Amino acid sequence: MAEEHLCVSLVPLFNHLDVEDQQKVNALTRHRVVAKGEQVFSPEGEAQLVIVARGTLKVYQLSASGKEQLLRIVEPGGYEGENQLFGAANTASFGEALVPSEVCVLRQADFTKLLEDYPKIALKLLKINAEKSLRTEQQAQFLSMEKVEERLAAYLLDLSLVAASEEITLPMKMKELAAFLGTTPETLSRKFKLLEAQHLILRDKKQITILDQDGLEDL
């Protein structure tokens, strides 16, 4: 039970609630152990919040040709599906365990019942969500000033983590990857050359070899 309570306390949506309210949310969570390669959530699945207690998940989408397109890596303390609790549908994202993992799951149906039974929690969450939206807006302005090479380096490191190897293959075309990273193909090409010039990576078309992981992390 302590493990599950820890899960709830990690989520910004809930960790500003007092202990009593957190315990009410915690009572609705289910602790789940998943094997490496096991799917944790998908567009066809039930709307739910998934909190990672131990292990690592990869979140990805499928391209029109059925290839995986990595979106992000979720490590302990991370979570997916927060918006689903408020009714937003998951239309395209899949979550899969990269290693044996433990997660806590809160179903949307249980969350809705909680808000009906405890209106006080609903009012608190509305205030917290409004504050979070403001922070997200401010963060978006900050992200727009970040260097493209930093975004590219983080993406390559995530791919390396998924592959558990310094030898990785880009899952997208340059045009798609540029759009994903919020830049143009021309700029992305220059940033690849920059990382090569700094001896951080080797590149042969879609094949990338990471030469200096620490150097990429320090960008």
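No hydrogens, no waters, no symmetry mates; every other heavy atom, side chains included, goes into these values. Predicted model only: the values in this text are computed from it and were never measured.
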Original post:
Any donor and acceptor pair, going by atom type alone, linking the side chain of Thr29 with main-chain N or O of Asn26 inside 3.5 Å?
Top reply: yes
Original post:
Does the side chain of Gln69 come within less than 4.5 Å of Tyr60's, by heavy atoms?
Top reply: no
Subject >> Step-by-step side chain to side chain contact (heavy atoms under 4.5 Å, CB included) determination, Phe94 to Val59 >> reply: CA-CA 6 Å; Phe94 297 80; Val59 180; over 6 Å; no
**OP:** Mark yes or no: Lys120 above the aromatic ring of Tyr118, with NZ or CZ under 6.0 Å from the six-membered ring centre and no more than 45 degrees from the axis.
**Re:** no
Original post:
Asp214 versus Asp212: any side-chain heavy-atom pair under 4.5 Å?
Top reply: yes
Original post:
So, are Lys191 and Glu149 salt-bridged, with charged N and O less than 4.0 Å apart?
Top reply: yes
**OP:** Identify the two heavy atoms, one from Ser93 and one from Pro43, that lie closest to each other, and give their separation to 0.1 Å.
**Re:** O-CD, 3.2 Å
Subject >> Sub-4.5 Å side-chain heavy-atom contact between Arg72 and Glu80 >> reply: yes
**OP:** Over all heavy atoms of both residues, which pair between Ala35 and Ala97 is shortest? Give the atoms and the distance, please.
**Re:** O-CB, 3.4 Å
Original post:
Are Gln48 and Arg30 close enough, and set up right, to give a side chain to side chain contact (heavy atoms under 4.5 Å, CB included), and what steps lead you there?
Top reply: CA-CA 11 Å; Gln48 59 188 10; Arg30 293 183 294 112; 4.2 Å; yes
Original post:
Is Arg203 reaching over with its side chain to a backbone N or O of Lys205, donor-acceptor style, under 3.5 angstrom?
Top reply: yes
Subject >> Pairwise side-chain contact, Leu57 with Leu98, heavy-atom cut-off 4.5 Å (strictly under) >> reply: no
**OP:** Would you mind reporting whether Glu75 and Leu161 have side-chain heavy atoms less than 4.5 Å apart?
**Re:** yes
Original post:
Looking at Val74 and Tyr79, what are the two nearest heavy atoms and their distance?
Top reply: CG1-N, 3.7 Å
**OP:** Report yes if some heavy atom in the side chain of Ser63 is under 4.5 Å from a heavy atom in the side chain of Met172; otherwise report no.
**Re:** no
Original post:
Do Thr209 and Glu167 get their side chains close enough for a donor-acceptor pair, meaning under 3.5 Å?
Top reply: yes
Subject >> Sidechain-backbone polar pair: Glu116 side chain, Lys113 backbone, donor-acceptor under 3.5 Å >> reply: no
Original post:
Roughly how far, to the nearest 0.5 Å, is the CD1 atom of Ile51 from the NE2 atom of His31?
Top reply: 10.5 Å
**OP:** Would you confirm whether Arg54, through its side chain, and Ser101, through its main-chain N or O, come within 3.5 Å as a donor-acceptor pair?
**Re:** no
Subject >> Thr112 side chain vs Gln108 backbone, donor-acceptor pair below 3.5 Å >> reply: yes
Original post:
Under a 4.5 Å cut-off applied to non-hydrogen side-chain atoms, are Val11 and Leu106 in contact?
Top reply: no
Original post:
Under the 3.5 angstrom rule, does the side chain of Glu176 hit a backbone N or O of Lys173 as a donor-acceptor pair?
Top reply: yes
Original post:
About how many Å separate CZ of Arg151 and CG of Leu219, when rounded to the nearest 0.5 Å?
Top reply: 13.0 Å
Original post:
Does Asp158 come within less than 4.0 Å of Lys58, counting only side-chain N to carboxylate O?
Top reply: no
Subject >> Closest approach of Leu159 to Thr169 (non-hydrogen atoms, all atoms of both residues) >> reply: CD1-O, 4.3 Å
Subject >> Ion pair Asp21/Lys24, N-O distance below 4.0 Å >> reply: yes
**OP:** Salt-bridge test for Lys36 and Glu96: reply yes if a basic N is under 4.0 Å from a carboxylate O, no otherwise.
**Re:** no
**OP:** Evaluate the side chain to side chain contact (heavy atoms under 4.5 Å, CB included) criterion for residues Glu186 and Ser189: first the C-alpha distance (whole Å), next the side-chain angles of each, then the deciding distance (0.1 Å), finally the verdict.
**Re:** CA-CA 5 Å; Glu186 294 77 17; Ser189 180; 5.8 Å; no
Subject >> Shortest non-hydrogen separation from Ile168 to Ala163 and the atoms involved >> reply: CG2-CB, 4.1 Å
Original post:
Any donor and acceptor pair, going by atom type alone, linking the side chain of Thr183 with main-chain N or O of Val148 inside 3.5 Å?
Top reply: no
**OP:** In plain terms, say whether Arg32 and Glu102 are close enough for a salt bridge, that is, a side-chain N and a carboxylate O under 4.0 Å apart.
**Re:** no
**OP:** With side chain to side chain contact (heavy atoms under 4.5 Å, CB included) as the test, would you mind laying out the steps for Leu216 and Leu195 before giving the verdict?
**Re:** CA-CA 8 Å; Leu216 287 176; Leu195 298 188; 4.1 Å; yes
